[in-house]
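Below: one structure, written as structure tokens.
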Amino acid sequence: MHTIWRVSGYLFRYKGMFALTLALALGSTLFFIAIPQIIKVLLDEVVAARRGDLLLWGVGGITLCYLLREVLNSMRIRVNNTLEQRVLVDLRRDLHAKLLDLPISFYDRRKSGEIASRVIEDVQNVERVILDGTEQGLVAILTVGGIAALLFVQQPILAGLVVLPLPIVLWLASLHFKATRKNWKAVRESSGEMSSLLVEDIQGNRLIHSFALRGRESARFAAIAEELRTRTLRAMFRWSVHGPGSSFIMSLGTVAVVGLGGWYLIEGRAPFTGEFTFGSFVAFFAYCAMLYQPIGTLNNLNHMFAAGKASGERVFEILDHPVEVADPAQPQPFPRGLVEVRYAGVSFCYPERAAVVEGLDLVLPAGKVTALVGHTGAGKTTIANLLLRYYDVTAGAVTIHGTDVRAMALEDLRGHIGYVAQDPFLFDGTVEDNLRLARPGASEADLVAALEAAAAWDFVQALPDGLRTLIGERGIRLSMGEKQRLTIARVILKNPPLVVLDEATASVDTLTESRIQRAIDALVRERTTLVIAHRLSTVRKADQIVVIEKGCILERGTHDELIAARGHYADLWRVQTDVIPEFDPVDDATRA
């Protein structure tokens, strides 16, 4: 019920519209309930008395009740659909906003397709509980209460027989809810796995083709689809027993009414109420059918709630996930001008892993280029992530010109940092659209200038529509080097005081690397820059090269200083270039 109440809270954002929906549903129900009473009067006062002159009025009254009922139903459906879509948008918007606020660690442990399944399919199931469940449930409860009262007023003994099966039905419904909730949770998990596999296969379609993995992926999908089918059928089969079983138990009350009511008709009288006419019997029997209809609705809603609860738990698991990296209560502004970055006693470890960075003391001088080099897994990217606050340090502090990055608003901090990743990401749209992400109000001349600085204007000009060329999802219609130069142009357009380059040339050929390197040289000019690189040839010009191993600093200095030191960096340089540094016995003797 906690999940259901939380979901229902979205309705209270539109109290007037929800109240109108209920009022229209209640009005429609009242016109429907009035029909048996008109039939009773028609049979007892018109047909029995052979008043043919009044028959048309009775038929007209019944027709009017049906007409008004359907008019109100039509209005209710329109209002309800509008309310439904507003609630759907609100819930998905809240979920999407939360996903944007969640830390990188949240995505490290989850599949993207499974998350998408929660936003699309689970929200849809929750919406059914919100609207169909709330509206139909309240109307059904009011209908049951109103008809039950009418039945007991008309014939208390017959009414007792009608409601006698209800406690059994309610008990069975509670058992069904507990059992089927687990089944539907398993269904939702399988559906999430299927969505994850679909996204994975779509994103990795080139790899699937190149390694001839079609058979393997088809088998994986078939296995998940079969599991989803099995779990869904298990949940549905349980309903196939519970639903008809409950209907049969309720029908026993109808059978009892037919038997005892028929006896009353034969006798012409009923206890407590006296005369019992054919019209009274027909009206009472009609009310019985009306009573069992909303009870059947409540039984169906019980099944729906079980499925909706499973989806609601998956949705609220995301909405309730703590935001580990959050804005401070009173954020400090990003410092102006050229900035110095300092790592002071910084340590960090991922959950359930040993420390990746430990006791790091490092200064990135203002307006200078600092390069981090070292083996894969040494902690270089983690050091950059701590600056961007993708994660927060577990000890020590990262400061920008004396201000702790945790004291700044995330949008302000990241808005002043230009980031170029090894795997460049471009949105589906035009070249111009992707550039304007950095500065929406930039003129076309600004875009061209940024592209020229990034050595990208030549290839953009050659595209079919130039700046307005559609580049496809993740920039699929461009080469890796072209995508990388576009991301550099985007950062140049952003004009940040601080730049992070994470393996910006790792995935391109030597010729493309030289072009990108020229673009990088233009980008880092008069900016504080942190470069992460495996190719040491790309960092020879760095003002400071820092060799990282297991999150600690082994060496630091310029390229020439580190080569002369004949340490770890010199060994890396020899391996990559196959060049042995020149041996200077005087310098070696001096160092000795």
Side-chain angles (χ1 to χ4, degrees), residues 1-38 60-98 119-151 173 177 286-287 289-309 311-312 315-316 319:
M1 289 304 298
H2 176 67
T3 301
I4 293 172
W5 280 119
R6 287 192 63 183
V7 170
S8 299
Y10 280 84
L11 289 173
F12 299 137
R13 298 182 181 183
Y14 306 99
K15 296 183 181 69
M17 194 174 294
F18 181 56
L20 179 58
T21 300
L22 291 181
L24 291 170
L26 184 59
S28 172
T29 303
L30 290 176
F31 280 114
F32 191 51
I33 291 176
I35 292 173
Q37 286 297 110
I38 298 175
I62 295 173
T63 304
L64 182 62
C65 285
Y66 275 119
L67 176 62
L68 293 175
R69 178 198 179 203
E70 298 310 326
V71 168
L72 292 179
N73 273 338
S74 176
M75 296 170 63
R76 176 188 61 79
I77 290 171
R78 291 195 175 201
V79 175
N80 194 53
N81 287 343
T82 303
L83 176 60
E84 171 185 333
Q85 292 306 311
R86 290 190 180 182
V87 170
L88 263 177
V89 169
D90 284 354
L91 187 54
R92 283 186 175 138
R93 184 181 294 158
D94 289 351
L95 197 56
H96 181 256
K98 183 60 181 254
V119 176
I120 299 171
E121 297 178 16
D122 286 315
V123 168
Q124 192 79 40
N125 289 338
V126 168
E127 173 268 331
R128 290 184 62 205
V129 173
I130 292 177
L131 296 170
D132 296 343
T134 306
E135 179 211 6
Q136 294 180 24
L138 287 176
V139 171
I141 290 172
L142 292 173
T143 303
V144 169
I147 293 178
L150 284 172
L151 291 178
F177 180 82
Y287 279 129
M290 288 184 179
L291 178 69
Y292 287 140
Q293 181 182 352
I295 291 175
T297 298
L298 291 173
N299 211 12
N300 291 333
L301 290 178
N302 176 54
H303 186 69
M304 183 195 300
F305 281 151
K309 185 178 186 339
S311 292
V315 169
F316 287 113
L319 290 176

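Being a predicted model, the structure only gives us computed values, none of them experimental. Note that the numbering runs from 1 along the sequence shown for the chain.
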For [X], enumerate each residue passing the side chain to side chain contact (heavy atoms under 4.5 Å, CB included) test, keeping only those at least two apart in sequence or located in another chain.
X	value
L151	I147, A159, V162, F284, Y287, L291
V89	R93
D94	Y10, R13, L319

Could you tell me the separation between the [atom1] atom of [X] and the [atom2] atom of [Y], rounded to the nearest 0.5 Å?
X	Y	atom1	atom2	answer
I77	T82	CD1	OG1	11.5 Å
F31	L64	CZ	CG	7.0 Å
N80	Q85	CG	CD	10.5 Å
E70	M75	CD	CE	13.5 Å

Tabulate below the donor-acceptor pairs under 3.5 Å that side-chain atoms of residues 138-145 make, not counting sequence neighbours, or state none.
from: T143; atom 1: OG1; to: V139; atom 2: O; distance (Å): 2.7

Expected output: side-chain K98 to main-chain L95 donor-acceptor under 3.5 Å = no

Check: residues 18-30 side-chain donor-acceptor pairs under 3.5 Å, at least two apart:
from: T21; atom 1: OG1; to: M17; atom 2: O; distance (Å): 3.0
from: S28; atom 1: OG; to: R69; atom 2: O; distance (Å): 3.4
from: S28; atom 1: OG; to: N73; atom 2: OD1; distance (Å): 3.1
from: S28; atom 1: OG; to: N73; atom 2: ND2; distance (Å): 3.4
from: T29; atom 1: OG1; to: A25; atom 2: O; distance (Å): 2.8

Can you check whether D90 reaches Y14 side chain to side chain, under 4.5 Å on heavy atoms?
-> yes

Side chain to side chain donor-acceptor pair (under 3.5 Å) partners of R92, counting only residues at least two apart = Q124

